[in-house]
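In what follows, chains carry the letters A, B, and so on, assigned in the order in which the sequence lines appear, proteins first and then strands, with residues in each chain numbered from 1. The basis for the numbers below is simple: all heavy atoms, side chains too, and nothing from hydrogens, waters or symmetry mates. All values reported here derive from a predicted model rather than from experimental measurement.
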Amino acid sequence: MKKIIPQLLTLILIFLIIGFFTFNANVNMSNRGMEFGYSFLKRAASFDIQFSLIEYSRESTYARAYLVGLLNTLLVAFSGIIFATFLGLFFGIARLSPNFLINRFAGFYVEFFRNLPLLLQLFFWYYAALRVLPLPHETEGFNNFYLTIKSLYTPSLVWQNLNIFLYLLIFAILLVFIVKNYLKKIQEKEGRQYPIVYISILILIIIPSLSLIFGISTFEVEYPVYKQLSKSSGTFIGGLAIPPEFISLFLALSLYTGTFIAENVRAGIEGINKGQKEAAASIGLNRKQILNLVVLPQALRIIIPPTTNQYLNLTKNSSLAAAIAYPDVVLVFAGTALMQTGRAIEIVSITMFTYLSISLSISIFMNYYNKKFSLTEK
Amino acid sequence: MINRKLTNFKQTNIISIYIGIFLIFLSLIFLFLKSFINIDLLSFLPSSLKLIFYFSSGLLGLYLIRSEKSEIKIIDTINKNSNNNNLNGFLTLCILFLIILVTPFILSWFIFDANFSGNTKDECTGEGACWTYVKVWLNRFAYGLYPNEEQWRINLSFISLAILGCAGFFAKEKFKKYLTLYYVVIYPFISFLFIYFFISGGPIFFDFSYGIIAAVLSLIIGLFVPKKFKFYYFLIVPISIYIYLKYFLFYEELIELGKVNGFNWVETGAWGGLSLTFIVSFFCLIFCFPIGMMLALGRRSSLPVVKFFSIGFIEFWRGVPLITVLFMSAVMFPLFLPEGMFVDKLVMVIIAISLFEAAYVAEVIRGGLQALPRGQYEAAKSIGLGYWKMHIFVILPQALKLVIPGIANTFIALVKDTPLIFVVGLLEIVGMLNMAKTNPKWLGFAMEGYVFAGIIFWIICYAMSKYSYNLEQKYKTDR
């Protein structure tokens, strides 16, 4: 109770600063004839977005444009996270290999990509590496994949009744959880082990493919087809066109973050005492059981928290997309929309709030995870 | 079991080892000849069979030399660490092939086919890199748009700051205790003066130079003043020297000099290149550390207001990407300033990056504070130290020692983040590269520029990480 004065002073100081800024903002905005409000979100955006996952046109609203940007951000973040995890696992384990060459190779990868600014890597991929690619009319293609300077053209799947397939997939995932818990209960009762992994994989494959077998939902493969526009130029029609912005962002983000994940994986595996493995072996567990029941649970406890942090960093770093004109939330919203409407405070606050809510939800998950899996002893 | 028997069997068979060595060398040398000297000894084979030949001969060779103990030392080492099973042997072979295939390409691009001479684009005729481009633009990459004839100011200030920075290492034992004060307070202040009045320039430089001269002079004389009078000496003498210098000695001459020969004002928009990278990272490093330390202490404080303010502050900055922070400082922050007030872009960027990185530093330091056993706090309290004394003399020195790697990582991240200042229109080295790239006279040399900048950044960051590793080893104490 005696420390009330310093706290009160801090509070007053904070309020004074906030009040000062708000006052200034009010004065400035009224001077410039601007008004505060989010109503502009309902107006038509009237600008184009190159790459969008959902339907979008010039007539769509600003809110729709924001959604397009958000989905693009999530798309690149999600695919980057998957590839970065793969790279991290591979090189993290490779760094612990007794093989001198593999070890050094992984070390080279980590030291090389970790010590270069992400923006530089991004520019390198976008402005230098991908600019060497051929034009559409010069490319030869590989199994209906055409990597050109304009886009990477791949075959795409055209679905009928995709939603039924997806519902079945979700159902399968839920079923896996139920079956897993059930089998664990039985295992505790009977003391017998069931091949949980194989059963879940089977469920995941069989149930969604039921819809394909019975012909409820079907898909066709659509191949990109070359179309001559003039003598020395052409383009591909059909299939899926992945823009180079996405490719370079994806490569840069995953190669960069992969190094950090590799270090986490290495630290996690190194962090397990040799005695743990020996103790597990001495009570008669076989190699697979040692890995699954003793090493991995402990290693994951060390690996997962910093790796989640890296996922978060990757998501935040995907905002660098603005530098190479990949239409993510920063470019679409804090770039184009801000320029058109001039509503700096509203738009910057929405953009920041987007990232804040992503990272806060991940940190809430982290806290939950830490509470659930942290060692209860000590 | 079968495998075991085989290896036992092979232990005696020296001939198979020789055949194995021969096969490995065959595949490696064929590939080497093909990729380095462009002699394809297997030209009679179709390309898919060539690949199979390289791999099968290499793998067979590795399989044949695999044994538990041969008489040859080198083979034993190879077997032990890179050829202990088929998978490992395969990966080894893959990496060897990769190195052989990639090395000549990189070497020829970097050196043999590259152009070094000349001053125009037309002289870049080779297949490889055009280092002429980097050579011609080097000045811009280093100094940005800073006027050529004024660049000695940047050089001079950087050199003198480096010398002043190294001064701590050569300080005598007597002054060692003032080192922290020097590095935390005096050195940043001097560097600020250097950057602001020397690199920025303007006649105002002379006004402040009196202060510096007065401070240095009085410090030097102060060394010879008896201890008794030191307090009064430092109370009176510096100010009187300052007044004397300013109003009596050189007043008119220097004003004239300042008008005639004074430095031209170079606005921060013209700063750029590598020197701007250094300036931004240097100041952000200096500022983010103390702010981060205070935030870390605040987060562990027992006062709820301070605690929740720190938590909110840290989580906010950690939750948003730096690029949106810079956007905010560029487009939103000017709205929050009083009318007519103008904050320089560079200053704003430095503040933004410092606050941003401070949140990360705070979390790192908090980790160190949490790792200290409670006994340290209790012991410090029991000998009667207050909050600040306890932290300054007992807790922080130990906690900081623990988190050297984490802090170094944050600092490296900071240096790697500096290129982002392109958002507000400041062009450090990567920004300059992008500008040079679009110059109509020099189109098509993006690769060279990025490689050049990459080498520089890599050296800086790698050196920082190695230095932090050394520090970590130096301060490692068993606890």
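Only the side chain of A:I14 comes within contact range of chain B, with at least one heavy atom under 4.5 Å from a heavy atom of that chain. Within the 4.5 angstrom heavy-atom criterion, only side-chain atoms of A:F105, from C-beta onward, approach chain B. B:I456 does not touch chain A: none of its heavy atoms, backbone or side chain, sits under 4.5 Å away. For A:S319, the parts lying near chain B are the backbone and the side chain together; criterion is any non-hydrogen pair under 4.5 Å. In this structure, chain A has a heavy atom under 4.5 Å from the side chain of B:N434, while its backbone stays farther away. Both the backbone and the side chain of B:V325 come within less than 4.5 Å of a heavy atom of chain A. Contacts between A:L338 and chain B at a heavy-atom distance below 4.5 Å involve the side chain alone, from C-beta outward. Both the backbone and the side chain of A:A323 come within contact range of chain B, judged by heavy atoms closer than 4.5 Å. At a 4.5 Å heavy-atom cutoff, A:N26 makes no contact with chain B through either its backbone or its side chain. In this structure, the portion of B:I95 lying under 4.5 Å from any heavy atom of chain A is its side chain and not its backbone. Residue B:F445: no heavy atom, backbone or side chain, is found under 4.5 Å from chain A. Within the 4.5 angstrom heavy-atom criterion, only side-chain atoms of A:L360, from C-beta onward, approach chain B. Neither the backbone nor the side chain of A:R131 comes within less than 4.5 Å of any heavy atom in chain B. Contacts between A:L119 and chain B at a heavy-atom distance below 4.5 Å involve the side chain alone, from C-beta outward. When heavy atoms are compared at a cutoff of 4.5 Å, B:P334 approaches chain A solely by way of its backbone atoms N, CA, C and O. Heavy atoms closer than 4.5 Å to chain B are found in the side chain of A:F260, but not in its backbone.
A donor-acceptor pair shorter than 3.5 Å can be found between the side chains of A:N99 and B:N88. Residues A:K316 and A:Y311 have side chains that never bring a donor and an acceptor to within less than 3.5 angstrom of each other. Residues A:Y256 and A:Q121 have side chains that never bring a donor and an acceptor to within less than 3.5 angstrom of each other. With hydrogens and angles left out, the side-chain atoms of A:Y66 and A:T354 include a donor and acceptor closer than 3.5 Å. With hydrogens and angles left out, the side-chain atoms of A:T73 and A:Y326 include no donor and acceptor closer than 3.5 Å.
Open room surrounds CZ on A:F23; 12 or fewer heavy atoms of other groups in view lie less than 6.0 Å from it. The local environment of CZ in B:F278 is sparse, with at most 12 non-hydrogen atoms from other residues, nucleotides or ligands closer than 6.0 Å. The local environment of CZ in A:F90 is sparse, with at most 12 non-hydrogen atoms from other residues, nucleotides or ligands closer than 6.0 Å. Counting heavy atoms of neighbouring residues, nucleotides and ligands inside a 6.0 Å radius, atom OH of A:Y38 exceeds 12 of them.
When each of A:T351, A:I362, A:L320 is checked for heavy-atom pairs under 4.5 Å with chain B, A:L320 comes out on top. For the set A:T10, A:I345, A:L118, the count of heavy-atom pairs under 4.5 angstrom toward chain B peaks at A:I345. When the candidates B:N409, B:V306, B:L335 are compared by the number of heavy-atom contacts under 4.5 Å with chain A, B:L335 comes out ahead. Note on B:E448, B:M464, B:M447: by heavy-atom pairs under 4.5 Å with chain A, the leading option is B:M447. Across B:T324, B:V451, B:L303, B:V430, the residue that shares the most heavy-atom pairs under 4.5 angstrom with chain A is B:L303. Ranking B:P419, B:P304, B:P338 against chain A, the residue ahead of the rest is B:P338, based on heavy-atom pairs under 4.5 Å. Contacts with chain A were tallied for B:L337, B:L91, B:V331; B:L337 has the most, counting heavy-atom pairs under 4.5 Å.
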Original post:
Would A:L356 and B:F316 satisfy side-chain contact (heavy atoms from CB on, under 4.5 Å), going step by step from the backbone distance to the final call?
Top reply: CA-CA 7 Å; A:L356 258 185; B:F316 172 76; 3.6 Å; yes
**OP:** Step by step, work out the salt bridge (charged side-chain N to carboxylate O under 4.0 Å, His left out) result for B:E315 and B:R299.
**Re:** CA-CA 11 Å; B:E315 290 302 329; B:R299 194 165 181 169; 3.5 Å; yes
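With hydrogens and angles disregarded, no donor-acceptor distance shorter than 3.5 Å links the side chain of B:D113 to the backbone of B:A129. Under the 3.5 Å distance criterion, the side-chain polar atoms of A:S248 are left unmatched by any main-chain donor or acceptor of A:W125.
Only one option out of B:L420, B:L433, B:L276 pairs with B:E428 in a side chain to side chain contact (heavy atoms under 4.5 Å, CB included); it is B:L276.
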